[in-house]
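First the structure, in the form of structure tokens, and then the observations on it.
Please read these numbers as outputs of a predicted model, since none were measured by experiment.
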Number of protein chains: 2
Amino acid sequence: MDLDVRRLRVLHEVALRGGVTAAAAALHVTPSAVSQQLGQLAREAGHPLVERSGRGVVLTTAGQILALHAERILGAVEQAVTGLAVAHRQVAGTVRVGAFPSAAGALVVPAAARAMAAHPGLDVRVVEAEDDQSRLDLRSATLDIVVLQEYDHVPGTTTAELDRYPIATDPMHLITPVGWGRDSGRLADLADVPWVASAAHTPCGRSTLRACHLAGFEPDIRHRAIDFALTLDMVAAGLGAALVPGMALRHVPPRVLVRPLAKPVTGRRIFAVTRPRGAGPTHPAIAAVLTELAGPDLDPAQTSRPESLELLSADR
Amino acid sequence: MDLDVRRLRVLHEVALRGGVTAAAAALHVTPSAVSQQLGQLAREAGHPLVERSGRGVVLTTAGQILALHAERILGAVEQAVTGLAVAHRQVAGTVRVGAFPSAAGALVVPAAARAMAAHPGLDVRVVEAEDDQSRLDLRSATLDIVVLQEYDHVPGTTTAELDRYPIATDPMHLITPVGWGRDSGRLADLADVPWVASAAHTPCGRSTLRACHLAGFEPDIRHRAIDFALTLDMVAAGLGAALVPGMALRHVPPRVLVRPLAKPVTGRRIFAVTRPRGAGPTHPAIAAVLTELAGPDLDPAQTSRPESLELLSADR
DNA sequence: GTGCTCGTGTAGATTCACTACATGGATTTG
DNA sequence: CAAATCCATGTAGTGAATCTACACGAGCAC
């Protein structure tokens with residue numbers, strides 16, 4: 001009774017993704033193959049691992065237990081290959097980094113380029129995805145490093161069980177169309193203007209709302225944008241003011257004014273995480289990428305945004 | 001790069017047994033299969049795992065590292081199946097117990113019988129083997145429980161890294177042909193008689209030597225026997241005196257006198273061990289066997305040896 | 001009901017792993 | 001020193017295992 005790693009990975013994916021089809025997609029096989037492997041594993045385990053629920057499946061108790069152990073086993077396997085890489089001091093192989101959109105371009109891409117330049121055998125791949133998706137792909141070993149964000153004053157998703165490597169803090173900046181109001185550096189001065197914000201369910205959207213509440217007013221949010229480039233375009237078109245993280249200000253379009261705030265109102269912390277039971281920073285290749293991510297970019301305002309940010313110096 | 005468990009077990013066996021052929025025998029396959037799997041694993045690992053040395057092989061550094069991790073992974077797999085058994089509270093399956101000859105008959109067989117009687121789904125198998133062999137088979141998961149002995153005053157092999165479950169202490173008893181010398185209960189009275197002992201390289205043989213030295217004399221060892229039954233026959237034939245563990249006295253032949261010793265001179269401790277990183281006593285089936293081994297047999301003299309032991313009462 | 005999604009069976013092709021046998025190198029024996 | 005022996009490793013062929021393609025049935029939405 002040997003519980004093949006391949007099969008255990010199938011169960012792990014089913015547990016993570018919540019279904020046979022989703023697991024099959026993640027494993028790049030057909031659902032039929034996943035179903036068969038699951039059946040075989042159940043036979044070996046002596047108990048059914050999943051049972052149908054509606055048109056999907058849910059794990060039985062035995063399935064949950066085995067999925068838990070599967071994660072431990074997969075982690076042990078990963079540590080084994082890591083041990084080999086450590087012993088041979090080879091900073092090589094493929095490291096897949098997931099990041100949310102604004103960090104991907106501003107932080108991860110330059111870090112990846114530096115890491116690959118420094119280590120010829122290293123292949124860093126950047127995957128742009130939302131935090132929830134990245135977290136899932138990290139656990140399923142589709143990604144090796146994930147760059148996440150955590151907004152101040154927003155409860156947000158906890159990532160307690162993961163090892164965190166802080167990369168940067170990214171304060172929110174106030175932007176308005178040029179020629180709006182006076183420049184006192186106080187958010188409350190813009191209590192009566194229209195606003196542009198991210199979608200209400202996003203942490204950034206909630207962050208804007210919280211900041212305005214803390215400043216003592218309810219913002220009149222007229223437009224919702226997910227991509228910060230769209231936010232900037234909206235502001236440039238005079239549709240409203242907005243609070244955006246500094247990292248989104250690498251390319252500020254004309255007719256957008258970045259206004260100094262008297263003191264930072266709110267912001268977000270950016271950090272990288274690795275697989276909890278997996279190789280983590282032990283692996284030389286992952287360590288090299290983490291170093292590039294955390295090291296030179298500790299202040300993203302100084303390094304990642306070449307121009308157009310002189311106005312921000314007052315904020316810090 | 002998934003490092004199949006099956007392949008890792010092959011590497012583990014090669015590391016344990018010290019060669020391809022020995023590993024193949026333990027895995028019940030041909031050496032060719034082992035060699036091929038090893039080659040495949042080396043390709044996956046990116047480094048050769050073994051290199052030829054003389055007419056055998058030795059593990060490379062990479063091989064040693066991977067073998068180390070293999071043991072962890074195999075342990076994790078074992079814990080997974082254990083987790084399932086625990087969740088379903090099923091005291092079932094096969095438990096293989098290894099024991100040195102005298103313990104196998106006196107302790108393990110009755111314990112196995114009791115365990116199987118108490119748990120219908122349980123299949124306990126007893127394997128008689130020397131300690132070194134048993135230790136190896138335990139690590140390779142050929143055995144699940146191993147009963148070992150440790151003689152007083154003999155450095156012996158340490159089993160520090162294993163979880164120990166004490167079963168019994170088995171003091172050595174003095175036996176002579178009937179009609180020899182006086183019955184003072186002192187070992188030194190037999191300084192000038194011929195002796196029968198186990199082979200010099202065995203711990204029991206060394207134990208006899210040490211006991212006599214502690215009593216102040218050098219025994220004149222005329223005959224060497226490995227099986228205690230042969231020792232008893234030799235004593236019965238009048239060839240000499242001997243020190244044998246109490247457990248070997250289940251069937252004392254005629255013309256052999258078990259002499260009370262004023263105080264126990266030396267003895268051995270008998271204990272069971274389980275796989276260090278493996279399931280161990282967590283597994284219900286293994287726990288059940290361990291209970292039967294340790295529980296009712298805490299004093300083997302009282303339970304396992306039905307008659308012919310009245311003389312021993314003075315010893316304890 | 002119709003359409004859609006999800007999971008599970010079945011048949012066939014491909015891949016994988018093992019055995020049997022042969023080869024080459026290293027050690028022991030006569 | 002040659003012969004015999006042991007050990008590991010290749011090669012060819014066979015059998016098992018696993019995947020895809022396709023069909024089917026069940027649940028849910030409209």
- Task: In whole angstrom, give the distance that lies between atom CG of A:Asp2 and atom C1' of D:dA17.
- Result: 15 Å
- Query: Quick one: OG1 on B:Thr231 to NE2 on B:His223, what's the gap to the nearest 0.5 Å?
  - Reply: 11.0 Å
- Item | Side-chain N or O of A:Arg7 closer than 4.0 Å to phosphate OP1/OP2 of D:dA17 | no
- Task: Considering just the side-chain nitrogens and oxygens of A:Ser35, establish if one lies under 4.0 Å of OP1 or OP2 belonging to C:dG7.
- Result: no
- Message: Among C:dC18, C:dT10, D:dC28, which nucleotide has an atom closest to any side-chain atom of A:Gln36?
- Response: C:dT10
- Please report, rounded to the nearest Å, how far the C1' atom of C:dA17 is from the CD atom of B:Glu44. 13 Å
- By nearest nucleotide on DNA chain D, pick out whichever of B:Gly56 and A:Arg6 is the more 5' one. B:Gly56
- Query: Has A:Gln37 got a side-chain N or O lying under 4.0 Å from the OP1 or OP2 atom of D:dC19?
  - Reply: yes
- Task: Measure from CG on A:Leu27 to P on C:dG7 and round the result to the nearest Å.
- Result: 13 Å
- Message: Whole angstroms only, please: what is the CG-P distance between A:Leu38 and D:dT18?
- Response: 13 Å
- Check: B:Thr30 side chain, C:dA20 base, donor-acceptor under 3.5 Å: no
- Item | Point-to-point distance, once rounded to the nearest 0.5 Å, from NE2 of B:His201 to CZ of B:Arg206 | 9.5 Å
- Checking D:dT9, D:dT20, C:dT8 against the side chain of A:Ala33 (C-beta onward), the nearest is D:dT20
- Task: Would you kindly give the CD-to-P distance between A:Gln40 and D:dA16, to the nearest whole Å?
- Result: 14 Å
- d(CG, B:Leu41; P, C:dC18) in whole Å: 13 Å
- Task: Assess whether one donor atom and one acceptor atom, taken from the side chain of B:Ser32 and the base of D:dG10, lie less than 3.5 Å apart.
- Result: yes
- Item | Nearest to side-chain heavy atoms of A:Arg55, which nucleotide of C:dC18, C:dC4, D:dT9 | C:dC4
- Using a cut-off of 4.0 Å on non-hydrogen atoms, how would the nucleic acid contact of B:Gly39 be classed: base, sugar-phosphate, or nothing? nothing
- Is it true that B:Asp4 and A:Arg6 have a side-chain N and a carboxylate O under 4.0 angstrom from each other? no
- Atom-pair distance (CZ on B:Arg52; C1' on C:dT27), nearest Å: 13 Å
- Atom pair distance, as rounded to whole Å: CG in B:Asp4 and P in D:dA17: 14 Å
- Item | Sidechain-backbone polar pair: B:Thr82 side chain, B:Glu78 backbone, donor-acceptor under 3.5 Å | yes
- Item | N-O pairing of A:Glu150 and A:Arg164 below 4.0 Å | yes
